[in-house]
Amino acid sequence: MGGDGLVPGSARLHLIDGLPLLRPDEQVFEEMIKGWRNQQLARNLSPGYVDDQERTVRAFTRHADSMPWHWTPQHVDEWSADLRAVHGCVRSALRNYQGSVHQFCDFLTNPAYGWSDECLRHFGIHPVQVVFDWNAATHADEAEGEPERRAFTRPELEAFFDHADEEVLRVRDKGRKGWLPAFRGATLFKVAYAYGLRRNETRMLDLTVGVRS
């Protein structure tokens, strides 16, 4: 919060009282975007994530061909249908896009930031929330990705780890020397999963052997 008591992203930090706007629609929208960026950065969100959020909202604005204070749920319906039917957007991506618009509307309609009041003053109308449970994609499945790219389900992961452990026992029981690499592989899979390591991060792991004194 600033020294004047205003929170990051507040309209009063971006629009000067009494100053006429040459292009009200464009200027207010751009200041809204700047305010939302500042609000997200103040929450310690990564700049890359904030950039993605902004790109999504700008894309929705272009598709709706209207400013946020004129948005309606119908704009969301038409945009979502276009993303799915025309652009082939997968369900998880669609839900993320809708979530960005939902968060932006939450920001604009929050009284703490004052954007509704500014819109009323300049345009005689204020923004509303346009993304709801009934018009947004839901996270209904644990593994909702496309079949060729989706993550393992928990039962599949358990079966995979069990198989890796059984391979260690099978090789060892046959008296073969390959049980140690099999054990190392089984352990590596579990470490990568437990710590959420990417492939290259897993490859770069160092093996440290403790020595007792």
Side-chain angles (χ1 to χ4, degrees), residues 7-11 14 25-120 122-157 196 198:
V7 296
S10 294
H14 294 269
D25 285 24
E26 177 183 333
Q27 289 176 264
V28 170
F29 175 68
E30 290 300 326
E31 295 305 320
M32 282 177 167
I33 292 291
K34 290 179 184 177
W36 191 40
R37 288 187 62 90
N38 289 342
Q39 183 252 13
Q40 292 179 92
L41 293 172
R43 292 160 50 203
N44 204 31
L45 300 179
S46 71
Y49 174 80
V50 175
D51 289 342
D52 288 342
Q53 295 276 81
E54 178 181 340
R55 277 193 291 270
T56 299
V57 167
R58 288 187 182 277
F60 176 67
T61 303
R62 289 192 297 270
H63 189 276
D65 195 26
S66 64
M67 291 300 180
W69 45 93
H70 292 298
W71 289 351
T72 68
Q74 183 178 351
H75 288 126
V76 177
D77 293 342
E78 294 170 351
W79 180 58
S80 300
D82 183 68
L83 288 174
R84 286 288 281 168
V86 178
H87 298 283
C89 185
V90 299
R91 286 171 294 178
S92 57
L94 176 63
R95 194 179 66 252
N96 290 336
Y97 293 154
Q98 293 170 338
S100 297
V101 175
H102 178 89
Q103 292 177 48
F104 184 58
C105 290
D106 269 352
F107 165 73
L108 296 182
T109 57
N110 190 325
Y113 301 105
W115 288 105
S116 290
D117 292 339
E118 287 297 326
C119 288
L120 282 171
H122 288 287
F123 313 113
I125 191 174
H126 61 82
V128 297
Q129 180 59 260
V130 295
V131 181
F132 304 94
D133 290 341
W134 49 265
N135 71 339
T138 59
H139 194 172
D141 300 322
E142 181 178 5
E144 65 176 3
E146 298 305 300
E148 66 274 12
R149 299 185 60 183
R150 70 170 178 82
F152 287 158
T153 63
R154 289 182 181 177
E156 288 172 340
L157 278 170
R198 295 181 175 86

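Computed over heavy atoms, backbone and side chain alike; hydrogens, waters and symmetry mates excluded.
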Do the non-hydrogen side-chain atoms of W69 and L120 ever get within less than 4.5 Å of each other? no

Candidates Y113, W36, Y97, F60 - the one meeting ring pair (Phe, Tyr, Trp, His ring centres under 6.0 Å) with F104: W36

Taking atom OG1 of T61 and atom CH2 of W79, what is their separation to the nearest 0.5 Å? 9.5 Å

Given side chains that start at C-beta, do those of P68 and F29 come closer than 4.5 Å, heavy atoms only? yes

Which value, rounded to the nearest 0.5 Å, describes the distance between H70 atom NE2 and I125 atom CD1? 5.5 Å

Once rounded to the nearest 0.5 Å, what's the spacing between atom CG of D52 and atom CG of L45? 11.5 Å

At what distance, to the nearest 0.5 angstrom, does CG of D51 lie from CD of Q40? 9.5 Å

CG of D117 to NE2 of H126, rounded to nearest 0.5 Å, is 9.5 Å

Atom pair CD/CZ of E54 and R37 - distance to nearest 0.5 Å: 5.0 Å

Shortest non-hydrogen contact from S66 toward W71: O-NE1, 3.0 Å

Looking at side-chain heavy atoms only, is the closest gap between V131 and C105 below 4.5 Å? no

Indicate the atoms forming the closest heavy-atom contact of T109 with P127, along with that distance. CG2-O, 3.4 Å

Just wondering, more than 12 heavy atoms not from E78 lying within 6.0 Å of its CD? yes

Side-chain donor-acceptor contact under 3.5 Å, E31 with Q27: no

What one should report as the nearest heavy-atom pair of G35 and F107 is C-CZ, 3.6 Å

Which pair of heavy atoms, one from L94 and one from R84, lies closest together, and at what distance? CD2-CG, 3.5 Å

Could you please spell out the steps behind the side chain to side chain contact (heavy atoms under 4.5 Å, CB included) verdict for V28 and E118? CA-CA 9 Å; V28 170; E118 287 297 326; 5.7 Å; no

Counting C-beta onward and ignoring hydrogens, is there a side-chain heavy-atom pair between V130 and H75 closer than 4.5 Å? no

Is E30 paired with R58 through a side-chain N to carboxylate O contact shorter than 4.0 Å? yes

